[in-house]
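Below: the structure, in structure tokens.
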Amino acid sequence: QEQLVESGGGSVQAGGSLRLSCASSLATYSRLCMGWFRQAPGKEREGVAILGSDGSTNYADSVKGRFTISKDNAENVLYLEMNNLKPEDTAMYFCAADRRWIGYWCSAVVRTQYNYQGQGTQVTVSS
């Protein structure tokens with residue numbers, strides 16, 4: 001069964017850090033377009049970061065300079081390193097993947113819709 005499983009969420013104070021992980025059982029992992037999006041209660045889904053199979057990345061303006069997306073192809077794990085967290089970062093964070101976009105065409109847009117997504121992990125930042 002192809003699935004994505006997130007972990008690493010939690011509660012931190014503003015200025016703190018968290019690292020989210022996403023374990024994948026999807027086939028052809030190294031060629032996937034992968035990303036993170038988040039959704040807070042009462043708000044629209046927001047694309048956070050995206051990573052193409054060519055290593056290209058893109059970030060939402062709200063997290064640029066604070067968040068870093070990366071992946072370990074050997075272990076099939078996607079990461080989101082989050083630093084200097086702010087209360088407005090509070091949301092459910094979802095790992096996602098898609099095979100439709102390759103290389104640059106994956107990361108040209110910080111996407112919110114993918115063919116595969118995990119169940120999410122909650123991040124809460126207090127002031």
Side-chain angles (χ1 to χ4, degrees):
Q1 182 180 0
E2 294 188 311
Q3 61 179 357
L4 300 168
V5 180
E6 303 94 336
S7 62
S11 297
V12 296
Q13 290 191 325
S17 298
L18 284 173
R19 187 176 78 159
L20 305 183
S21 299
C22 172
S24 169
S25 62
L26 271 64
T28 63
Y29 178 80
S30 64
R31 299 204 297 268
L32 291 171
C33 172
M34 301 197 73
W36 295 89
F37 65 88
R38 65 189 181 187
Q39 190 159 23
K43 294 188 177 180
E44 291 188 357
R45 183 180 290 196
E46 179 187 15
V48 174
I50 192 164
L51 174 62
S53 56
D54 63 344
S56 58
T57 59
N58 202 352
Y59 298 90
D61 288 342
S62 58
V63 306
K64 278 181 182 176
R66 301 188 297 121
F67 289 14
T68 302
I69 187 171
S70 63
K71 68 175 181 174
D72 183 333
N73 284 333
E75 298 293 331
N76 287 8
V77 180
L78 181 74
Y79 299 103
L80 185 68
E81 185 76 34
M82 306 185 295
N83 297 314
N84 190 21
L85 282 160
K86 304 176 180 181
E88 50 264 42
D89 294 318
T90 295
M92 185 72 79
Y93 283 71
F94 296 87
C95 168
D98 207 297
R99 297 189 175 95
R100 291 175 290 176
W101 310 297
I102 305 298
Y104 167 79
W105 300 109
C106 164
S107 59
V109 178
V110 186
R111 302 176 186 277
T112 58
Q113 299 293 334
Y114 298 76
N115 277 345
Y116 301 92
Q117 68 179 65
Q119 294 299 307
T121 185
Q122 178 67 36
V123 172
T124 302
V125 185
S126 58
S127 57

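Numbers here simply count residues along the sequence, with the first being 1.
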Does the side chain of Trp105 reach to within under 4.5 Å of the side chain of Cys33, using non-hydrogen atoms?
no
Output yes when a side-chain donor or acceptor of Asp72 lies under 3.5 Å from a complementary backbone atom of Val77, and no otherwise.
no
Smallest separation among heavy atoms of Gly52 and Ser107, with atom names:
N-CB, 4.3 Å
Check whether any side-chain heavy atom of Met82 lies under 4.5 Å from a side-chain heavy atom of Asp89, and answer yes or no.
no
Ignoring hydrogens and angles, tell me if any N or O in the side chain of Glu6 forms a donor-acceptor pair with the backbone of Gln119 under 3.5 Å.
yes
List in chain and number order the residues that pass salt bridge (Lys or Arg N to Asp or Glu O under 4.0 Å) with Arg19, two or more places apart in sequence or in another chain; answer none if no residue qualifies.
none
In Å and rounded to the nearest 0.5 Å, what is the CG to CE distance from Leu32 to Met34?
6.0 Å
Verify side-chain contact (heavy atoms from CB on, under 4.5 Å) between Leu51 and Lys71, making sure each step is shown before the conclusion.
CA-CA 8 Å; Leu51 174 62; Lys71 68 175 181 174; 3.5 Å; yes
Closest heavy-atom pair, Thr124 versus Gln122, reported as atoms and distance to 0.1 Å, is OG1-NE2, 3.4 Å
Distance-only, no hydrogens or angles: does the Arg111 side chain make a donor-acceptor pair with backbone N or O of Cys106 under 3.5 Å?
yes
Can you see which heavy atom on Asp54 is nearest to which on Tyr104, and at what distance?
OD2-N, 3.5 Å
Pairs of donor and acceptor atoms involving the side chains of residues 41-50, under 3.5 Å and at least two apart or interchain, shall be tabulated with distances.
{"residue": "Arg45", "atom": "NH1", "partner": "Thr112", "partner atom": "O", "Å": "2.8"}
{"residue": "Glu46", "atom": "OE1", "partner": "Arg38", "partner atom": "NE", "Å": "2.8"}
{"residue": "Glu46", "atom": "OE1", "partner": "Arg38", "partner atom": "NH2", "Å": "3.1"}
{"residue": "Glu46", "atom": "OE2", "partner": "Ser62", "partner atom": "OG", "Å": "3.0"}

Given the rule in the salt bridge (charged side-chain N to carboxylate O under 4.0 Å, His left out) test, do Lys64 and Asp61 qualify, once you have shown the distances and angles that lead to the verdict?
CA-CA 5 Å; Lys64 278 181 182 176; Asp61 288 342; 3.1 Å; yes
Closest contact, heavy atoms only, Ile102 versus Ser53:
CG2-OG, 4.0 Å
Looking only at atom types and distance, does a side-chain atom of Glu81 sit under 3.5 Å from a main-chain N or O of Thr68, one as donor and one as acceptor?
no
Search all heavy atoms of Ser126 against all heavy atoms of Pro87 and return the closest pair with its distance.
C-CG, 4.4 Å
First locate atom OG of Ser25, then atom CD of Gln1, and finally report the distance between them rounded to the nearest 0.5 Å.
7.0 Å
With the 4.5 Å side-chain cut-off for hydrophobic clustering, are Tyr116 and Leu20 part of the same group?
yes
With a cut-off of 6.0 Å (strictly less than), are more than 12 heavy atoms of other residues, nucleotides or ligands near CD of Glu75?
no
Are Val125 and Val63 connected in the hydrophobic side-chain network, where two residues link if heavy atoms are under 4.5 Å apart?
yes
Honestly curious: do Val110 and Trp101 fall in one hydrophobic cluster under the side-chain, below-4.5 Å linking rule?
no
Side chain proximity check, Phe37 to Tyr114, heavy atoms < 4.5 angstrom:
yes
Nearest heavy-atom approach of Cys95 to Leu78 is SG-CD2, 3.9 Å
One pair to check against side-chain contact (heavy atoms from CB on, under 4.5 Å): Leu85 and Phe67. What are the steps and the verdict?
CA-CA 9 Å; Leu85 282 160; Phe67 289 14; 3.8 Å; yes
Take Arg99 and Glu2, measure what salt bridge (charged side-chain N to carboxylate O under 4.0 Å, His left out) needs, and give me the verdict at the end.
CA-CA 13 Å; Arg99 297 189 175 95; Glu2 294 188 311; 2.7 Å; yes
Looking at OH of Tyr79 and CD1 of Ile69, how far apart are the two atoms once the value is rounded to the nearest 0.5 Å?
12.5 Å
For Tyr59 and Arg66, indicate whether the former's side chain and the latter's backbone hold a donor-acceptor pair under 3.5 Å.
no
Gap separating the NZ atom of Lys86 from the OG atom of Ser127, nearest 0.5 angstrom
13.5 Å
Looking only at atom types and distance, does a side-chain atom of Ser24 sit under 3.5 Å from a main-chain N or O of Leu4, one as donor and one as acceptor?
no
Let me confirm one number: the OG-CG distance from Ser17 to Asn84, rounded to the nearest 0.5 Å.
8.0 Å
